[in-house]
> 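Would you mind keeping the following structure in view while I ask a few things?
Computed over heavy atoms, backbone and side chain alike; hydrogens, waters and symmetry mates excluded. Residues: numbered from 1 along the sequence shown.
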Amino acid sequence: MRSLMNARILDGKALADRLRGEMTSEIEALRARHGRAPGLAVIIVGDDPASHVYVRNKKLACEKVGIRSFTHALPADTSQQHLLGLIGELNQDPRVDGILVQLPVPTHIRPDAVIEAIDPAKDVDGFHPYNLGRLAARQPALRSCTPAGCMKLIEETGVNLHGKECVVVGASNIVGRPMALELLLAGATVTVCHRFTQDLAKHVARAEILVAAAGKRGLIRGEWIRPGAIVIDVGIHRLEDGRLTGDVEFATAAERAAWITPVPGGVGPMTITMLLANTIQAFRTHLGDET
């Protein structure tokens with residue numbers, strides 16, 4: 001981890017590279033034992049350029065660690081019934097251990113119907129109500145990828161989360177809510193802030209660990225950050241000049257925080273890494289290999 005200003009940088013790319021190197025060796029052993037590699041099916045509906053970039057990055061990441069990927073690119077006018085039918089086929093396909101439907105889907109398709117159609121044992125995004133419920137019940141199975149990646153980054157600091165004051169800004173089913181559950185599971189005291197929260201600055205200022213996942217550029221002012229805090233910035237936004245930035249005012253926050261994730265190069269690489277980890281876990285469960 002390198003230094004910048006007063007904060008140390010939590011380098012998600014370096015951590016992701018290290019973990020993926022370990023996964024490559026693990027997958028080689030699994031292939032030797034079972035005669036095949038883990039398989040991930042990715043479905044994308046429509047022509048959203050950003051979604052296609054994400055899918056391509058996931059495919060490349062799979063190839064590098066030895067996971068076999070199956071991409072299903074469907075036209076934007078694909079019916080919900082057809083999509084659910086494909087998911088049903090993949091649920092039964094013995095080559096497929098994980099299924100991911102790239103969001104967002106076109107507006108005529110209900111995302112919740114799509115997520116609930118995926119076999120929870122193949123839900124490598126960790127979005128299915130079953131998997132979220134397992135996390136809430138303190139019996140985690142397949143975990144939501146971005147929160148799981150954030151937890152790995154926090155682990156890199158060496159800080160014990162027991163009793164720590166943690167604030168999550170954002171309450172989405174994809175990041176904020178499962179992030180709060182992950183922190184609770186680790187023994188932290190957790191506050192979740194959202195669009196109805198009053199005096200956001202006051203909540204942020206007491207956070208020993210702050211996770212910013214509101215999806216609003218620069219929402220968190222740098223001067224709000226508690227001195228010595230760990231700052232995890234999940235947000236990613238493209239500026240007019242093409243540069244990327246997050247939900248936190250980075251420069252000012254880095255003068256106060258002890259640790260901070262950059263944007264890009266922080267949480268993003270870890271999200272894909274945890275997708276790979278979930279696919280390996282689903283493969284092991286599928287084949288009864290818990291060694």
Side-chain angles (χ1 to χ4, degrees), residues 11-44 54-72 87 89-103 115 118-128 130-135 138-156 174-175 178-179 181-182 185-186 266-291:
D11 189 337
K13 185 177 185 305
L15 177 57
D17 288 344
R18 189 176 86 221
L19 293 175
R20 293 182 197 186
E22 295 169 1
M23 289 176 191
T24 302
S25 300
E26 182 181 1
I27 289 168
E28 287 173 358
L30 289 170
R31 185 189 291 112
R33 204 149 60 233
H34 298 289
R36 73 170 180 88
L40 173 65
V42 180
I43 303 171
I44 181 167
Y54 293 143
V55 167
R56 184 168 66 249
N57 289 342
K58 290 167 184 174
K59 182 179 177 66
L60 290 171
C62 284
E63 291 173 354
K64 286 183 179 179
V65 299
I67 291 173
R68 187 178 181 190
S69 64
F70 309 89
T71 302
H72 298 265
I87 292 170
E89 292 172 12
L90 295 172
N91 283 340
Q92 301 302 317
D93 191 332
R95 303 169 302 163
V96 173
D97 305 290
I99 301 170
L100 180 156
V101 179
Q102 183 65 45
L103 300 176
I115 291 166
I118 298 170
D119 180 346
K122 295 189 177 187
D123 167 42
V124 288
D125 259 335
F127 293 164
H128 195 285
Y130 173 85
N131 285 317
L132 290 173
R134 288 287 299 243
L135 182 58
R138 297 183 288 184
Q139 300 174 39
L142 293 171
R143 303 166 112 118
S144 298
C145 297
T146 296
C150 292
M151 294 302 292
K152 288 286 187 184
L153 286 162
I154 294 169
E155 285 175 21
E156 287 294 292
I174 293 174
V175 182
M179 187 74 237
L181 293 171
E182 289 282 4
L185 191 61
V267 174
M270 288 305 300
T271 296
I272 294 180
T273 300
M274 300 319 295
L275 170 68
L276 303 177
N278 276 351
T279 303
I280 296 169
Q281 180 181 337
F283 173 87
R284 285 181 175 276
T285 301
H286 185 187
L287 295 185
D289 185 336
E290 305 299 334
T291 58

> Mind listing the closest non-hydrogen atom pair of P269 and R20 along with its distance?
O-NH2, 3.0 Å
> Apply side chain to side chain contact (heavy atoms under 4.5 Å, CB included) to the pair D289 and H34, showing each step before the final yes or no.
CA-CA 9 Å; D289 185 336; H34 298 289; 2.6 Å; yes
> Using only atom types and a distance under 3.5 Å, with no angle test, would you say the side chain of D123 pairs donor to acceptor with the backbone of H128?
yes
> Can you tell me how far apart CD1 (I27) and CD (E22) are? Round to the nearest 0.5 Å.
12.0 Å
> Using every non-hydrogen atom in the two residues, find where L142 and A282 come nearest and quote the distance to one decimal.
CD2-N, 4.3 Å
> Ignoring hydrogens, what is the shortest heavy-atom contact between I272 and A61? Give both atom names and the distance.
CG2-CB, 3.7 Å
> Side chains of S69 and V42: closer than 4.5 Å at any heavy-atom pair?
no
> Would you say R134's side chain and A141's backbone share a donor-acceptor pair under 3.5 angstrom?
no
> With no hydrogens and no angle check, is any side-chain donor or acceptor of N278 less than 3.5 Å from a backbone partner on V124?
yes
> Take a 6.0 Å sphere around OH of Y130 and say whether it holds more than 12 heavy atoms from other residues, nucleotides or ligands.
no
> Between M270 and L15, is any pair of side-chain heavy atoms under 4.5 Å apart?
yes
> Where do V101 and I87 land on the side chain to side chain contact (heavy atoms under 4.5 Å, CB included) test, with the steps shown first?
CA-CA 9 Å; V101 179; I87 292 170; 4.0 Å; yes
> Looking at L19 and T273, what are the two nearest heavy atoms and their distance?
CB-CG2, 3.9 Å
> Between K122 and D97, does any side-chain N to carboxylate O distance fall below 4.0 Å?
no
> Assess whether side chain to side chain contact (heavy atoms under 4.5 Å, CB included) is satisfied between F70 and D93, documenting all intermediate values.
CA-CA 11 Å; F70 309 89; D93 191 332; over 6 Å; no
> Test side chain to side chain contact (heavy atoms under 4.5 Å, CB included) on T279 and L100; report intermediate values, then the result.
CA-CA 10 Å; T279 303; L100 180 156; over 6 Å; no
> Mind checking whether L185 and Q139 have side chains closer than 4.5 Å, heavy atoms only?
no
> When rounded to the nearest 0.5 angstrom, what is the spacing between CE in M23 and CZ in R18?
11.0 Å
> State the CD-CD1 distance between E89 and I99, to the nearest 0.5 angstrom.
10.5 Å
> Quick one: do D11 and K13 make a salt bridge, cutoff under 4.0 Å?
no
> Would you name the heavy atoms of G12 and L153 that are closest together and state the gap between them?
CA-CD2, 3.9 Å
> Would you name the heavy atoms of I67 and P38 that are closest together and state the gap between them?
CG2-O, 3.5 Å
> Does the salt bridge (Lys or Arg N to Asp or Glu O under 4.0 Å) test come out yes or no for E26 and R31, once each step is laid out?
CA-CA 9 Å; E26 182 181 1; R31 185 189 291 112; over 6 Å; no
> What's the spacing between R56 CZ and T71 OG1 if we round to 0.5 Å?
11.5 Å
> Output every pair passing side-chain hydrogen bond (donor to acceptor under 3.5 Å, both in side chains) with a member in residues 140-149, not counting sequence neighbours, ordered by first then second residue.
R143-E182, T146-T271
> Determine whether M179 and M151 make a side-chain contact, defined as any pair of heavy atoms from C-beta on separated by less than 4.5 Å.
yes
> Does atom NZ of K58 have more than 12 heavy-atom neighbours from other groups under 6.0 Å away?
yes
